[in-house]
Amino acid sequence: MKKLQQGIVFIWVLLSILMPGMAQAMLHMELTKGVSGAIPIAIPNFIVQGQSPSENIAAVIRNDLQNSGRFTIQGGDTLQSGQSADRYRSVGAEAYVEGKIREVSPNRYEVTFQLRDTWLDKKPSQQNHALLSKTLTVSAGSLRPLAHHISDLVYEKLTGVRGVFSTRLAYIVVQRPAGERPRYILEVSDQDGYNPKPLLNSTDPIMSPAWSPDGRRVAYVSFENKRAAIYIETVATGARQRVSAFPGINGAPAWSPDGRKLALVLSHTGSPNIFIMDLGSRKLKQITHDWSINTEPSFTPDGRSIIFTSNRSGGPQIYQANLATGAVNRITYNGNYNARASMTPDGRRLVTLNRTSGLFNIAILDLDSGVFRILTDSTGVDNESPSIAPNGSMVLYGTLYGGQSVLAMASSDGNIQIRLPVRNGEVQDPAWSPWLS
């Protein structure tokens with residue numbers, strides 16, 4: 001992994017094309033820190049009727065819930081659906097998910113599951129009552145997405161927060177074969193790193209992927225023909241269009257909440273400034289008008305303001321521009337460096353890349369109270385590229401572990417940390433998708 005400072009140079013001049021490495025596309029999550037009050041739950045193996053599917057639904061649900069940091073799995077994979085509530089209580093579970101998979105036709109399965117409370121089941125009046133019960137029919141290829149969907153339902157029912165297990169990640173994989181030019185691959189994968197799909201494979205650098213609000217498209221910067229340009233690609237079909245190729249810098253695309261506009265950084269009028277492009281008419285509106293370096297725009301959840309990074313005060317800090325009045329105010333004051341910021345979906349907190357005591361960490365600022373908290377605690381290691389989950393509960397970022405480039409996640413309260421180890425290649429600029437349905 002190259003020094004993070006090289007990535008910082010790109011932030012400010014937007015000309016550097018080699019970025020620090022992160023992690024490979026095929027990822028296996030490892031929970032490194034969880035909450036002490038995690039919910040003890042049992043996920044027994046589902047009963048299979050007919051041909052066994054290749055996907056183990058119960059195992060996927062176990063991994064999802066365990067790696068959220070909000071649950072502890074009781075009994076591991078030793079339990080089988082159909083046992084008594086007493087059996088689940090005996091292993092320490094307060095809740096359990098039982099299920100049945102039935103082959104209804106070749107490569108098509110009916111999946112039935114229930115979420116139950118082990119203590120409610122002790123009461124005769126509640127023994128036929130399930131907290132959650134559904135029957136769904138899917139193809140064999142959709143069993144893993146279905147497992148993530150079940151995890152989402154269970155997570156929301158027991159925590160009150162919508163789950164993000166069915167979301168996706170976008171990132172740039174950099175492969176450096178000996179004696180050959182590096183290859184840059186724009187990929188998307190499931191939230192747990194499975195099912196990676198390349199959208200673009202090139203020997204020219206690719207960077208700054210950004211999901212559209214409906215999760216169907218990704219905007220990104222590509223240096224095809226040795227010039228920076230911004231493209232939008234449809235994930236399902238691979239169809240793409242170039243939307244910005246002005247002389248100089250075309251960088252840091254960010255979608256408006258309604259998906260009709262794109263904030264971007266352009267330098268064709270001089271210094272890098274923030275613009276907004278109407279994607280229907282391609283008309284531009286300039287938001288910042290000075291000779292500072294203004295970059296990394298992000299819309300506020302209500303679409304009324306732009307959050308961006310600027311060095312107008314001498315060092316990189318986060319500012320907010322009101323789109324109606326043009327008024328600009330500074331938001332961050334903690335540390336001498338804050339960048340790559342965006343607001344949580346509720347608009348109450350700001351996640352940023354912060355430098356304090358010489359190290360780069362992911363931090364969160366409560367905009368109401370002013371409380372500033374460092375979320376990452378990787379001693380002696382720099383972190384970068386924060387991206388917020390659509391429910392605001394987790395932050396995806398890049399870091400190092402054991403000398404390897406990895407992706408990691410931290411909860412927005414700092415109590416949960418998850419590591420996604422590297423396998424092959426470097427990853428940069430991770431971006432968390434919105435909810436896909």
Side-chain angles (χ1 to χ4, degrees), residues 22-23 27-43 57-77 91-97 115 117 131-132 144 147-169 189-194 344-346 348-349 351 361-364 366 373-379 381 383 385-402 406-422 430 432-433 435:
M22 291 297 121
L27 307 168
H28 298 279
M29 289 183 170
E30 180 183 353
L31 181 68
T32 59
K33 181 182 179 183
V35 296
S36 58
I39 300 170
I41 190 170
I43 315 291
I57 290 181
V60 175
I61 299 171
R62 281 193 291 266
N63 288 335
D64 283 346
L65 297 183
Q66 177 71 38
N67 288 323
S68 74
R70 302 286 179 185
F71 295 84
T72 57
I73 305 301
Q74 306 298 310
D77 60 359
V91 297
E94 294 179 2
Y96 61 99
V97 178
L115 168 65
D117 185 299
L131 301 178
L132 188 65
R144 191 176 186 87
H148 290 314
H149 176 62
I150 295 172
S151 299
D152 285 333
L153 295 175
V154 172
Y155 184 93
E156 183 172 9
K157 188 67 177 180
L158 295 180
T159 68
V161 178
R162 186 176 177 182
V164 294
F165 306 110
S166 297
T167 58
R168 307 192 80 187
L169 308 180
S189 74
D190 294 349
Q191 178 265 348
D192 59 358
Y194 280 82
T344 54
D346 60 10
R348 299 175 58 185
R349 295 165 295 171
V351 174
N361 275 295
I362 310 304
I364 191 165
D366 187 297
R373 180 188 298 115
I374 301 295
L375 301 182
T376 52
D377 60 1
S378 302
T379 304
V381 173
N383 305 284
S385 303
S387 179
I388 304 171
N391 64 3
S393 68
M394 300 290 290
V395 180
L396 174 70
Y397 62 97
T399 189
L400 275 178
Y401 174 73
V406 301
L407 289 180
M409 297 177 183
S411 61
S412 56
D413 59 12
N415 290 329
I416 298 168
Q417 293 187 9
I418 302 166
R419 186 170 58 243
L420 293 78
V422 65
W432 208 319
S433 81
W435 282 300

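By convention here, the first residue in the shown sequence is residue 1.
One distance of note links CG of Leu396 with OG of Ser385; it measures 9.0 Å at 0.5 Å rounding. Taken to the nearest 0.5 Å, the CG atom of Asn67 stands 10.5 Å off from the OG atom of Ser151. A distance of 7.5 Å separates CG in Asp152 from CG in Asp64, rounded to the nearest 0.5 Å. Distance check: Trp432 CH2 to Gln191 CD gives 5.0 Å after rounding to the nearest 0.5 Å. Atom CD1 of Ile73 is separated from atom CD1 of Ile41 by 6.0 Å, given to the nearest 0.5 angstrom. Atom OG in Ser189 sits 7.0 Å away from atom CZ in Arg168 (nearest 0.5 Å).
Between Ser68 and Ile416, every side-chain heavy-atom pair lies at or beyond the 4.5 Å cut-off. In this structure the side chain of Val395 never reaches within 4.5 angstrom of the side chain of Ile364, judged on heavy atoms. Between Val161 and Arg70 there is no side-chain heavy-atom pair separated by less than 4.5 Å. Side-chain atoms of Val351 and Ser412, non-hydrogen and from C-beta on, never get closer than 4.5 Å to each other. Annotation: side chain of Leu375 is not in contact with side chain of Tyr397 (no heavy-atom distance under 4.5 Å). Side-chain atoms of Ile150 and Phe165, non-hydrogen and from C-beta on, never get closer than 4.5 Å to each other.
Partners of Ala147 under the side chain to side chain contact (heavy atoms under 4.5 Å, CB included) rule, at least two apart in sequence or in another chain, are Ile57, Val60, Ile61. For Asp190, the side-chain hydrogen bond (donor to acceptor under 3.5 Å, both in side chains) partners are Asn195, not counting sequence neighbours.
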key: side-chain contact (heavy atoms from CB on, under 4.5 Å) between Leu158 and Leu115, intermediate numbers included   = CA-CA 10 Å; Leu158 295 180; Leu115 168 65; 4.0 Å; yes
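Looking at Asn383, its side chain never comes within 3.5 Å of a backbone N or O of Thr399 through a donor-acceptor pair. Without hydrogens or angle criteria, Arg349 side chain to Thr344 main chain gives no donor-acceptor distance under 3.5 Å.
Closest heavy-atom contact between Arg144 and Asp192: NH2-OD2, 2.9 Å. The heavy-atom pair separating Ala58 from Ile43 by the smallest distance is O-CG2, 3.7 Å. For the pair Gly69 and Ala38, the tightest heavy-atom approach, listed with the atom from each and the gap, is O-CB, 3.9 Å. The minimum heavy-atom distance linking Gly392 with Pro345 is given by the pair CA-CD, 3.7 Å. Nearest approach of Ile418 to Met394, heavy atoms of both residues: CD1-CE, 3.7 Å. Shortest non-hydrogen contact noted between Asp117 and Tyr96 is C-CE2, 4.5 Å.
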